[in-house]
Amino acid sequence: MTETADVATHQQMIDTLSGDFRWGVATAAYQIEGAATEDGRTPSIWDTFCRVPWAIDNNDNGDVACDHYHRMPEDIALVQELGADSYRFSVAWPRIQPRGRGGVNEAGFGFYDRLVDEVLGRGLTPWLTLYHWDLPQELEDAGGWPVRDTAYRFADYAMLVFDRLKDRVAHWTTLNEPWCSAMHGYVHGVMAPGRRDFKAGMNAVHHLLLAHGLATQRMREAALDSTQFGITLNMSTAEPATESYLDREAARNADGMGVRIYLDPLVHGRYPDDVRHDLESRGAQLPVEDGDLEIISTPFDFLGVNYYFGQQFSGVDEHGRTTGEDGFPAQREVPFGAPTTAMGWEILPGKFTELLTRLSRDYPGLPLYITENGSAFDDEPDETGYVQDDGRTAYLAAHLAAVAAARQQGADVRGYFAWSLLDNFEWAYGYVKRFGLIRVDYPTQQRTIKQSGRFYRDTIRRVRGS
Ligand code: FCB
């Protein structure tokens, strides 16, 4: 009940998101498509990682997922039913270019060709992401993102897609969340390819950024004037838990590794000195070659922001130690004490406003789009499949209001994509965690719009006055 009351209190603020504010929903290829071996698709690092026993909760995998590959027109109709004007999706590299080399696999490309036509046919704007984590397995076998050649392979793949779709797709995102690829994939080992090697992770950071720059340069040369390029980063706020020196250091390091190590080279053409120093003291470095930073700082048109939670840090662990088991300075996340979602992520819409105003302040002139924001809750469907998801609805309302507040404070936020259109394969959490505005009953593949989806639709209608 309180949550419903909360929703109402946000309406006035949300209503300021008028004019040409973009309203979208987001998905990613591996999380929804299924059809893992169809039409020439070869395995990505996620297909391989899902075969590692217990790498994924319940040993789930994306072989079938939401069967979107076969239900795409129905799903695009649902995007329209939610009242969104834009649809963010990603292209699976191993469908377009099996094994990560060579020309276009026509059968695999055909799916995205039809998808884009379906989206445009319904009057929606396609918002395409080239890389949402499905690296062809052969490229990982050749070294993956820690090796430089992968950046060049990515630029070649990007051009294959770009040449075919540039006449119909105006918004191109190179990478989704390189932090997750580098840190979760190569340092923490909790996401594909599941490696635990700090130095490899830092090489991956640089080569992911290089991949973005190379692809952006090449696509830009071949682009129509109206085409826009961007990159999507996951970001949170990093505050010190107290004003102590160690806590401030822990927060500085987290912000450096989470935000500035990406945005400083992208926008200013240099890595932050404090980050380089931190890395050196950890025996690692960014493998920068002459000319790389010019490539990485190729101008781009928008920054995609994925926000789920804010964070605060202490430089002292729960046992009072100032050095972690990895030998690096301790970095402990200290909860604010806010309510959490089913992911255990604290619900902190105010931090979202802070992040957006900070981005606009520190990296001015860069239009922002929220390319992901949303929440997982343990849904309880009624006998028809309908979910009265008060928690997710309240999260959505509060975070839309937070975006509106940031805009009032001067942040240049131009659109919002809800994560996600559908319940889907939530990476290492498998199918247990549900983020959809639409419920998917996996055994029957039945889709049912949840209360949060209705709220989103009604909000868009009201704000647009339609
Ligand atoms: C982001 C991912 C997205 C989804 C959400 C919950 O990190 O980009 O695919 O899993 O988290």
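Whatever order the structure lists ligands and atoms in, that order sets their numbers, starting from 1. For reference, positions follow the sequence shown, starting with 1. Every value quoted in this text rests on a predicted model; they were computed, and no experiment measured them.
Below 3.5 Å of separation, one finds no N or O of Trp419 facing any N or O of ligand 1. For ligand 1, the polar-atom distance check against Trp427 finds a nitrogen or oxygen pair separated by under 3.5 Å.
Looking at Arg414 and Asp412, a side-chain N of the basic residue comes within less than 4.0 Å of a carboxylate O on the acidic one, giving a salt bridge. Between Asp301 and Arg220 a salt bridge is recorded (basic side-chain N to carboxylate O distance below 4.0 Å).
Ligand 1 lies nowhere less than 4.0 angstrom from a heavy atom belonging to Lys433.
Contacts of Asn176 with ligand 1, taken as heavy-atom pairs under 4.0 Å, involve the side chain alone.
The closest protein non-hydrogen atom to atom 5 (C) of ligand 1 is Tyr308 OH, 3.2 Å. From the protein, the heavy atom lying nearest to atom 10 (O) of ligand 1 is Glu426 OE1, 2.7 Å. Among all non-hydrogen protein atoms, the one lying nearest atom 3 (C) of ligand 1 is Glu372 OE1, 3.2 Å. The shortest contact between atom 7 (O) of ligand 1 and any protein heavy atom is with Glu177 OE1, 2.5 Å.
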Worked verdict on Asp60 versus Tyr429 for side-chain hydrogen bond (donor to acceptor under 3.5 Å, both in side chains): CA-CA 8 Å; Asp60 286 338; Tyr429 298 91; over 6 Å; no
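In this model, a donor atom of one side chain and an acceptor atom of the other lie less than 3.5 Å apart for Ser452 and Asp389.
Both the sub-6.0 Å distance and the 45° axial angle are satisfied by Arg95 relative to the ring of Tyr69. In this structure, Arg164 satisfies the cation-pi test against Phe109, with its NZ or CZ atom closer than 6.0 Å to the six-membered ring centre and inside 45 degrees of the ring normal. At least one cation-pi condition fails for Arg392 and Phe377: the charged atom is not both under 6.0 angstrom from the six-membered ring centre and inside a 45 degree cone around its axis.
Of all atoms in ligand 1, numbered sequentially from 1 with element shown, those under 4.0 Å from a heavy atom of His132 are 2 (C), 3 (C), 8 (O), 9 (O). The contact set between ligand 1 and Phe435, taken as ligand atoms under 4.0 Å from a residue heavy atom, comprises 6 (C).
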